[in-house]
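Note sheet for the following structure.
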Amino acid sequence: QVQLIESGGGLVQAGGSLRLSCAASGGIFSSYAMGWFRQAPGKEREFVTGISRSGGSISIAETMKGRFTISRDNAKNTLYLQMNSLKSEDTAVYYCAAKTAWGSGRVYSEPNGMDYWGKGTLVTVSS
């Protein structure tokens with residue numbers, strides 16, 4: 001069973017950047033497809049972006065395209081989310097999640113389909 005710990009959240013002005021990290025332990029990191037999700041106050045958890053086990057396939061929500069970039073370092077057991085041009089509507093708790101993946105190229109975007117979750121890191125964008 002993998003444990004996930006997010007870091008890098010904080011307060012940033014609109015237009016600024018943040019880089020989130022998700023450190024994994026207790027499992028074979030390269031056997032999991034990974035994803036970032038977020039949940040704003042009063043809203044449901046939503047998909048942000050996901051990456052396959054190898055990193056060769058990526059999916060990203062339309063509203064984040066061109067601003068957010070997901071990456072992973074399997075040697076360091078770490079997932080990243082680079083967020084640029086942040087907007088006030090990006091304010092949310094950001095979660096990383098893992099899915100045991102049998103295919104190397106698959107990306108998962110449904111929150112209910114993920115197997116493991118971190119506790120989240122808060123990102124607040126001030127306008």
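We number each residue from 1, following the sequence as shown. As the structure is a prediction and not an experimental result, all values here were calculated from the model.
Between the side chain of T49 and the backbone N or O of S59, at least one donor-acceptor pair lies under 3.5 Å. Between the side chain of D115 and the backbone N or O of T100, at least one donor-acceptor pair lies under 3.5 Å. Checking side-chain atoms of E6 against main-chain N and O of K119 turns up a donor-acceptor pair under 3.5 Å. Distance alone, capped at 3.5 Å, is enough to place a donor-acceptor pair between the S52 side chain and the S57 backbone. In this structure a side-chain-to-backbone donor-acceptor pair under 3.5 Å is missing from T124 to L11. Looking only at distances, no side-chain donor or acceptor of E110 sits under 3.5 Å from a matching main-chain atom of M114. Of the possible donor and acceptor atoms, one in the side chain of T78 sits under 3.5 Å from a partner among the backbone N and O of K76.
Atoms CG and CZ, from L79 and F29 in turn, are 5.5 Å apart once rounded to the nearest 0.5 Å. Between the CD1 atom in I28 and the CG atom in N74 there is a gap of 11.5 Å [rounded to 0.5 Å]. Interatomic distance, SG of C96 versus CD1 of I70, reported as 9.5 Å (0.5 Å rounding).
One hydrophobic cluster, built from ILVMFWY side chains closer than 4.5 Å, holds both L86 and L20. Note on V125: it clusters hydrophobically with L81, by side-chain heavy-atom contacts below 4.5 Å among ILVMFWY residues.
Dense packing is recorded around CD1 of I58, with more than 12 heavy atoms of other residues, nucleotides or ligands lying under 6.0 Å away.
In this structure, R72 is not positioned above the aromatic face of Y80 in the sense of NZ or CZ being under 6.0 Å from the six-membered ring centre and within 45° of the axis. The cationic atom of R45 (NZ for Lys, CZ for Arg) lies less than 6.0 Å from the six-membered ring centre of Y95 and within 45° of the ring axis.
Counting heavy atoms from C-beta on, the side chains of I51 and V107 never come closer than 4.5 Å. At least one side-chain heavy atom of D90 sits less than 4.5 Å from a side-chain heavy atom of R67. A 4.5 Å side-chain heavy-atom check between Y108 and M34 finds every atom pair outside the cut-off. Counting only heavy atoms from C-beta outward, the side chains of S126 and Q13 approach each other to under 4.5 Å.
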- request: Mind running side-chain hydrogen bond (donor to acceptor under 3.5 Å, both in side chains) on N84 and S17 for me, showing each step along the way?
  value: CA-CA 4 Å; N84 300 327; S17 298; 2.9 Å; yes

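Applying the side chain to side chain donor-acceptor pair (under 3.5 Å) test to residues at least two apart or on different chains, none of the pairs has a partner in residues 23-36.
A salt bridge links E46 to R38: one of the charged nitrogens lies within less than 4.0 Å of a carboxylate oxygen.
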